[in-house]
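Within every chain, numbering begins at 1; the chains are lettered A, B, ... in the order of the sequence lines, protein sequences first and strands thereafter. The structure presented is a predicted model; accordingly, all values stated were derived computationally and were not measured.
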Protein chains: 2
Amino acid sequence: MSFEPLDCHIDDGLKSLLGKWKIPILIQLRAQQVLRFSDLYRALPGITKKMLTQTLKELEEDDLVNRKVYPVVPPKVEYQLSAHGQELIPTLDALHAWGIAHSAHLAHKQHRHD
Amino acid sequence: MSFEPLDCHIDDGLKSLLGKWKIPILIQLRAQQVLRFSDLYRALPGITKKMLTQTLKELEEDDLVNRKVYPVVPPKVEYQLSAHGQELIPTLDALHAWGIAHSAHLAHKQHRHD
DNA sequence: CGGAATCCCTAGGGATACTG
DNA sequence: CAGTATCCCTAGGGATTCCG
């Protein structure tokens with residue numbers, strides 16, 4: 001692994017993770033394998049359908065997520081990590097574990113300053 | 001490691017990484033150990049001094065980065081990952097490696113569609 | 001159920017100039 | 001060198017309504 005000071009490829013790739021809901025959605029899909037639109041909608045308190053639709057579309061365009069439509073009525077659409085998206089799993093796990101630990105760390109700091 | 005559908009702690013901690021420049025700055029600090037303000041300024045093409053100042057301040061408040069001021073003239077200020085910030089290193093490495101691979105993946109896809 | 005279409009708003013961030 | 005201080009703007013999102 002190389003670390004040059006001006007390694008701008010980082011930012012290029014990382015753009016696919018930018019946005020308020022990208023990582024939370026990916027973490028849900030990593031945890032649950034396959035989720036329907038409404039599953040994700042419920043799993044992400046605060047998201048709107050518009051943002052969910054839009055973010056899923058972007059993730060699909062970046063080849064991180066696969067979308068599967070069942071031609072039934074009422075509609076049924078499933079989302080899951082694509083093959084390429086699964087390469088993100090170690091990263092998502094690291095993010096997930098650190099997020100929890102860091103959240104606790106901040107809470108502890110906060111507590112000390114009450 | 002637990003994965004509950006509504007694990008909102010993720011988002012809490014992850015907030016500290018939100019923003020256009022947080023992760024790029026952290027990756028620079030992970031790679032170089034210690035950097036001065038102007039080092040970071042040069043290492044991050046496109047950032048403004050305002051954003052650099054502001055983002056470093058937020059990272060410091062989240063206890064991810066330490067700031068060391070030398071009382072000399074001209075001013076000298078050094079930044080490095082804090083002890084707690086170093087817990088992010090595995091995550092940053094994962095992000096860094098994936099960012100490069102993903103960037104290549106997208107470029108390849110793009111190429112095929114020319 | 002899984003969206004699409006509108007309208008709307010503000011805060012995140014850019015550009016520039018100045019300072020101890 | 002390492003920031004402040006201002007002004008400014010738009011695009012990323014929020015809320016709501018409608019649709020097959």
Please work out if B:P75 contacts a base, only the sugar-phosphate, or nothing of the nucleic acid, heavy-atom cut-off 4.0 Å. base
Specify the separation, in whole Å, of atom NZ of A:K76 and atom P of C:dG3. 14 Å
Is there a donor and acceptor pair, one atom on the side chain of B:K49 and one on the base of D:dG3, closer than 3.5 Å? yes
By nearest atom, which of the nucleotides C:dA4, C:dC1, C:dG13 is closest to the B:K20 side chain? C:dG13
When you get a sec, tell me which of C:dC1, D:dA2, C:dG14 is the closest nucleotide to the side chain of A:R36? C:dC1
Same cluster or not: B:L56 versus B:Y41, using hydrophobic residues (I, L, V, M, F, W, Y) connected whenever any side-chain heavy atoms lie under 4.5 Å apart? yes
Between C:dA15 (C1') and B:I47 (CD1): distance, integer Å: 14 Å
Is A:S82 reaching over with its side chain to a backbone N or O of A:L64, donor-acceptor style, under 3.5 angstrom? yes
Tell me which nucleotide among D:dC7, D:dC1, D:dA15 gets nearest to the side chain of A:K50. D:dA15
What nucleic acid atoms does A:Y79 come within less than 4.0 Å of, heavy atoms only: base, sugar-phosphate, or nothing? sugar-phosphate
Starting at CG of B:L56 and ending at P of D:dC1, how long is that distance when rounded to a whole Å? 16 Å
Expressed as a whole number of angstroms, how long is the span from A:L35:CG to C:dG2:P? 11 Å
May I have the distance from A:L18 (atom CG) to D:dA11 (atom P), rounded to whole angstrom? 16 Å
When you measure from the side chain of A:T48 to the backbone of A:M51, do you find a donor-acceptor pair of N or O atoms at a distance under 3.5 Å? yes
For the pair made of CZ in B:F37 and C1' in C:dT19, what is the distance, rounded to whole Å? 14 Å
Test your reading of the model: is there a side-chain donor-acceptor pair from A:D39 to the backbone of A:R36, 3.5 Å cut-off? yes
Does a side-chain N or O of B:S38 approach OP1 or OP2 of D:dA2 to a distance below 4.0 Å, or not? yes
In whole angstroms, the gap separating P of D:dC1 from CD of B:E78 amounts to 14 Å
Closer than 4.0 Å, any side-chain N/O of A:R42 to the OP1 or OP2 of C:dG2? no
Residue B:V77, side-chain heavy atoms: nucleotide from C:dG14, D:dA2, C:dA4 that is nearest: D:dA2
Determine the minimum heavy-atom distance between B:L59 and B:S16, stating which atoms define it. CD2-O, 4.2 Å
How many whole angstroms separate atom CE of A:M51 from atom C1' of D:dG12? 7 Å
